[in-house]
Protein chains: 2
Amino acid sequence: MIEHRERLEKALGYRFSDGERLQLALTHRSVSRRHNNERLEFLGDAQLSQIISTELFHRFPDAAEGQLTRMRASLVRGQTLAEVARELGLGEYLILGGGELKSGGHRRESILADTLEALIGAMVIDGGEDACREVVLSWFEARLAAISPQSVRKDAKTRLQEWLQARKYELPVYGVLSVSGQAPKQSFEVECELSGLKKTFRASGPSRRRAEQQAAEQALEWLEQTHE
Amino acid sequence: MIEHRERLEKALGYRFSDGERLQLALTHRSVSRRHNNERLEFLGDAQLSQIISTELFHRFPDAAEGQLTRMRASLVRGQTLAEVARELGLGEYLILGGGELKSGGHRRESILADTLEALIGAMVIDGGEDACREVVLSWFEARLAAISPQSVRKDAKTRLQEWLQARKYELPVYGVLSVSGQAPKQSFEVECELSGLKKTFRASGPSRRRAEQQAAEQALEWLEQTHE
């Protein structure tokens, strides 16, 4: 059995009537191809999305569908789930096989996020949907209180495109100027050209996507200062 | 109010205590930017995924996560939802604005699928989660009875890649040979080259993806006849 089960259950805010479900939820695929938390993660992922969607729907009766979708995406994405898992102190309870014991960085983040979903799946089986919902909402309470339709803006490339379209300008053209370094520590330098406005912005970032968003952000700042 | 409401409710297998919810669920964005079914669709989408996921989880206690995920994807994808909507006769109840009244084909399919999700959202608000689940499962009953982990295979390109990897062959290389016709009625001819086996397969289809899948399917058939 897991060590310090009571301490973990106290942190989670949920006491399992069947401790094997808790144990399975913490068991990564690296321990066993057959006996691991992947099925629970499948269940928990859908359960989490339903809980958060329902909550957002009722909390924000005036939000448009697009705003609800972006708020949900921001709350259930891997990075947020890994943060919640850290707040619950989940890291020290993960049951990992040899190869994963020392994994760090990105890999570790995704294991934490997946395990959080698996715990949600285990809770819904163990205690039913209402109990599960109550616990999950308590985990997300601060984030739900902080989020608003205004806080989750569309990404910079989308906003730039909409700004230009609304004013009948040509759409921006992005290009990669250079790539330096070796994966996974590469740096991409890109440009964002607004040909209709005869203006080009450059930015760099750890991926092409991030660099492009950064360049679009700069373009938007310039447009907002000079055109509004 | 909607005409023939009782007939529709009979087809759905659910009687709304508040008919306005039913009406809103049927109202497409083309009628009103503010008063339409998009928020209900957001809610229904998550509800549907949770209902189907939970059902698959319990029906297939031995299925692996990947199989569950593929079964869910096949049941909740737009094409399936549009089919279910047609079986319920939803088409004649859609409340559409001018521009969409005569829309056909693909556009119509996606409106039907979205409306089905909106109806699920409306039901969960109107009657609660248990009542909603019961109705949704009745809509999907035949499909749930027919589906199995074996019936939802991985796509051909994935299976081909796995077959080759397992036998240490080089991975296939796909290339577009020609594109003919005008969108949306284009035809793509592609090839799939198995350099390790000195064999090339050609296929065509309405999109590059479909043509590649078709070529991979041919490659698999040949491999299964000649190598197993």
Side-chain angles (χ1 to χ4, degrees), chain A residues 21 24-25 27-29 32-73 75-76 114-115 117-118 120-126 128-133 136 149 152, chain B residues 21 24-25 27-29 32-73 75-76 114-115 117-118 120-126 128-133 136 149 152:
Chain A
R21 294 185 180 125
L24 189 60
T27 303
H28 185 254
R29 182 185 170 83
S32 158
R33 267 191 69 151
R34 277 188 57 86
H35 203 66
N36 61 52
N37 64 8
E38 290 185 333
R39 278 175 49 91
L40 289 173
E41 180 198 336
F42 166 84
L43 186 63
D45 166 79
Q47 195 67 35
L48 172 65
S49 177
Q50 189 264 345
I51 291 169
I52 296 292
S53 302
T54 304
E55 188 68 15
L56 291 171
F57 181 90
H58 291 296
R59 276 190 189 223
F60 298 101
D62 298 320
E65 178 271 334
Q67 294 172 318
L68 292 170
T69 299
R70 287 197 296 281
M71 286 192 278
R72 176 174 66 193
L75 290 168
V76 306
D114 294 347
T115 305
E117 290 184 330
I120 295 170
M123 285 194 302
V124 77
I125 291 174
D126 192 77
E129 293 185 12
D130 292 340
C132 176
R133 176 188 317 271
V136 170
V152 284
Chain B
R21 293 183 181 127
L24 189 60
T27 303
H28 185 256
R29 181 184 170 83
S32 157
R33 268 191 69 151
R34 277 187 57 85
H35 202 67
N36 61 53
N37 63 7
E38 290 184 333
R39 278 175 50 90
L40 289 173
E41 180 197 337
F42 166 84
L43 186 63
D45 166 79
Q47 195 67 36
L48 172 65
S49 177
Q50 189 265 345
I51 292 169
I52 296 292
S53 302
T54 305
E55 188 68 16
L56 291 171
F57 182 90
H58 290 297
R59 277 190 188 222
F60 298 102
D62 299 320
E65 178 271 333
Q67 294 172 316
L68 292 171
T69 299
R70 286 196 297 282
M71 284 192 279
R72 176 174 66 193
L75 290 169
V76 305
D114 294 347
T115 305
E117 290 184 329
I120 295 169
M123 285 194 303
V124 78
I125 291 174
D126 192 77
E129 293 186 9
D130 292 340
C132 176
R133 176 188 316 271
V136 170
V152 283

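Only heavy atoms go into these numbers, but all of them, side chains included; no hydrogens, no water, no symmetry mates. Letters go in sequence order (proteins before strands), and every chain restarts at 1. Predicted model, so just to flag it, every value in this text is computed and none were measured.
A distance-only check finds a donor-acceptor pair linking the side chain of A:R39 to the backbone of B:A63 [under 3.5 Å].
When the candidates B:Q50, B:E65, B:H58, B:Q47 are compared by the number of heavy-atom contacts under 4.5 Å with chain A, B:Q50 comes out ahead.
Counting heavy atoms from C-beta outward, A:M71 and A:P149 have side chains that approach closer than 4.5 Å. Between B:T115 and B:H28 the shortest side-chain heavy-atom distance does not fall below 4.5 Å.
Rounding to the nearest 0.5 Å places CE of B:M123 at 11.0 Å from CG of B:L40.
In this structure, chain B has a heavy atom under 4.5 Å from the backbone of A:D62, while its side chain stays farther away. Neither the backbone nor the side chain of A:Q67 comes within less than 4.5 Å of any heavy atom of chain B. There is no contact between A:R33 and chain B, counting heavy-atom distances below 4.5 Å. For chain B, the nearby part of A:I125 is the side chain; its heavy atoms alone come within less than 4.5 Å.
In summary, B:R29 and B:E41 do not engage in a salt bridge, as defined by a charged side-chain N under 4.0 Å from a carboxylate O.
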